Amino acid sequence: MKNIVIGSGPAGRLGSLELGKLGKEVTLIEKNHIAGTCLNEGCMVICALTDITKFIESNNRFNSYGFIKSQLDISYEKIVEKITETQKALRKINEEENESAGNNIVYGEAEINGNQIEVNGESFDWDNLLIATGARPFIPDIPGSQYGLTNRDILKIDKVPEKLNIIGGGIIAVEVANIYSTLGSEVNIIARSEALKEVDSDVKDYIFKNLLSKINLIEDTEIVECEKNKVITNKNEELEGVPFFATGRVPNSEIAKDIVELNHDNTIKVNEMMETNVEHIYAAGDVTGGYQLTPVARMEGITAARNMANYPNKVVYHEIPQTLSLNTEVSFVEDEKNNCSDENKVDIGIPGIAGPGAFWKILSGDTGYTKISFDKKQNKIKKITSISPSSVSDVAYLSYLMRINSPLDAYGDFLEIHPSTDANYKIIKNMWL
């Protein structure tokens with residue numbers, strides 16, 4: 001059977017690779033660059049720049065302590081050049097990976113025409129179709145919106161803006177704010193309601209007090225007009241700085257319009273097997289909405305591929321770990337199925353311990369913070385938030401234990417590697433068990 005995958009982001013690329021490994025005939029069609037938003041415009045770009053800002057922060061800290069004397073000369077132009085060079089190398093690896101599974105890669109804009117896909121004047125027949133076309137930045141319909149930058153422009157600007165107005169209060173807004181603030185911009189975050197709704201209020205307070213202290217946070221404020229170097233709020237305030245939109249994303253579902261059923265927000269409607277309402281047409285990744293995270297898109301793409309190959313598989317969304325890529329990572333996960341009452345919920349929070357990357361932060365008191373919420377009736381973890389250099393791996397493993405429904409007593413057998421999960425270890429074993 002002929003399988004066609006449209007879109008080579010995390011969902012499409014991993015879906016194609018899975019199909020190829022299962023011995024299926026696959027054509028992967030990509031409009032622009034393989035690996036999609038993640039590598040070319042999104043999280044990989046953010047992570048690359050955050051590596052730079054972590055170095056800058058460490059350099060500044062060591063200079064303040066007096067045992068290193070150095071002056072950094074940062075070239076944004078050179079950073080962009082090297083990120084672009086790395087992206088090209090990774091694209092080649094991703095191409096070779098798919099081709100090694102026997103898959104055919106075609107570059108061009110696809111159009112669905114019945115049981116054929118038209119690309120560059122060529123027609124491809126299909127028996128199974130996976131739509132993984134991703135999403136793009138949402139631009140509010142306000143005067144002057146054409147002046148606003150988005151994540152797509154990070155590698156296009158030639159210098160760090162002197163002043164930057166980031167419109168939006170979610171994770172992307174905060175990550176971008178951290179990057180440009182560390183690189184020297186004066187940064188405003190302007191949130192329509194509340195910033196960082198994804199995290200607890202005390203965690204949010206820690207982030208803006210200790211990790212983003214140079215950033216000006218403006219909440220419950222809307223932007224009504226943009227100019228090239230200024231925004232105007234609904235409170236008649238004029239804030240100098242280049243506008244940057246981090247206001248959500250729009251699904252690239254136009255290719256499927258009038259072919260499959262869409263949700264009210266124009267994302268493609270799928271079931272737990274990633275099937276659309278049309279037989280043999282599947283969808284996965286950001287175009288379906290939900291968690292717009294690379295690991296989730298991969299999981300969805302693999303699930304769709306297995307079903308296309310007649311290996312029944314269902315996707316499960318619970319205990320999804322997330323992170324904010326800042327100079328110190330903020331990672332968190334919650335058991336949404338656990339409807340713990342306030343009476344049975346116990347919160348324990350402690351400052352971070354001097355683990356890897358945190359020793360030299362003790363003198364300034366910003367070693368991080370860990371908070372764990374317990375359901376004392378069921379003897380299980382309800383939620384974990386960890387702010388530490390090792391939080392990304394710590395929380396990922398702890399989320400797995402939550403996902404397999406481990407009781408807290410099982411955590412007593414966990415042997416940590418010192419110094420990594422010290423704060424989690426101390427709370428779970430010494431303060432709770």
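Along the sequence shown, residues carry numbers from 1. Remember, it's a predicted structure, so these values are computed and weren't measured experimentally.
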### Chi angles and distances behind the side-chain contact (heavy atoms from CB on, under 4.5 Å) call for Leu398, Ile372
CA-CA 11 Å; Leu398 289 170; Ile372 304 181; 5.7 Å; no
### Message
salt bridge (charged side-chain N to carboxylate O under 4.0 Å, His left out), that's the test. Do Lys82 and Glu85 meet it? Break it down for me.
### Response
CA-CA 5 Å; Lys82 289 302 178 182; Glu85 189 177 321; 3.2 Å; yes
### Query
Does the pair Arg13 and Glu97 meet the rule for a salt bridge (charged side-chain N to carboxylate O under 4.0 Å, His left out), with working shown?
CA-CA 10 Å; Arg13 186 172 62 85; Glu97 182 182 47; 3.0 Å; yes
### Message
Run Glu225 and Lys230 through salt bridge (charged side-chain N to carboxylate O under 4.0 Å, His left out) and show every step you take.
### Response
CA-CA 9 Å; Glu225 186 175 348; Lys230 181 172 67 175; over 6 Å; no
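- Contact check on Glu272 versus Lys314 returns a salt bridge, with a Lys/Arg side-chain nitrogen under 4.0 Å from an Asp/Glu carboxylate oxygen.
- With sequence neighbours excluded, no residue forms a side chain to side chain donor-acceptor pair (under 3.5 Å) with Gln322.
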### Task
Kindly indicate, with the supporting measurements, whether the criterion salt bridge (charged side-chain N to carboxylate O under 4.0 Å, His left out) is fulfilled by Lys197 and Glu219.
CA-CA 12 Å; Lys197 297 176 184 177; Glu219 297 181 300; over 6 Å; no
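- Side-chain contact between Val26 and Leu17: absent, with no pair of heavy atoms (C-beta onward) separated by less than 4.5 Å.
- Side chains of Glu118 and Ser123: a donor on one and an acceptor on the other come within 3.5 Å.
- Between Tyr76 and Tyr180, the two ring planes are tilted [angle within 30° to 60°].
- Counting heavy atoms from C-beta outward, Ile179 and Ile46 have side chains that approach closer than 4.5 Å.
- The existence of a salt bridge linking Asp335 and Lys380 is excluded, since no basic side-chain nitrogen approaches an acidic carboxylate oxygen closer than 4.0 Å.
- Once rounded to the nearest 0.5 Å, the distance linking OG of Ser213 with CD1 of Ile207 reads 12.5 Å.
- Contact of the Glu319 side chain with the Glu334 side chain is not registered, since no non-hydrogen atoms from C-beta on lie closer than 4.5 Å.
- No salt bridge links Lys2 with Glu25; every basic N to acidic carboxylate O contact stays at or beyond 4.0 Å.
- Across Leu212, Asp366, Asp200, a single residue satisfies side chain to side chain contact (heavy atoms under 4.5 Å, CB included) together with Tyr206, and that is Asp366.
- Of the charged side-chain nitrogens involved, none lies within less than 4.0 Å of a carboxylate oxygen, so that Glu222 and Arg192 do not count as a salt-bridged pair.
- Look at Glu95 and Arg91 and you find no salt bridge, because none of the NZ, NE, NH1 or NH2 atoms lies under 4.0 Å from a carboxylate O.
- Under 3.5 Å, the side chains of Glu300 and Tyr317 contain a donor-acceptor pair of N or O atoms.
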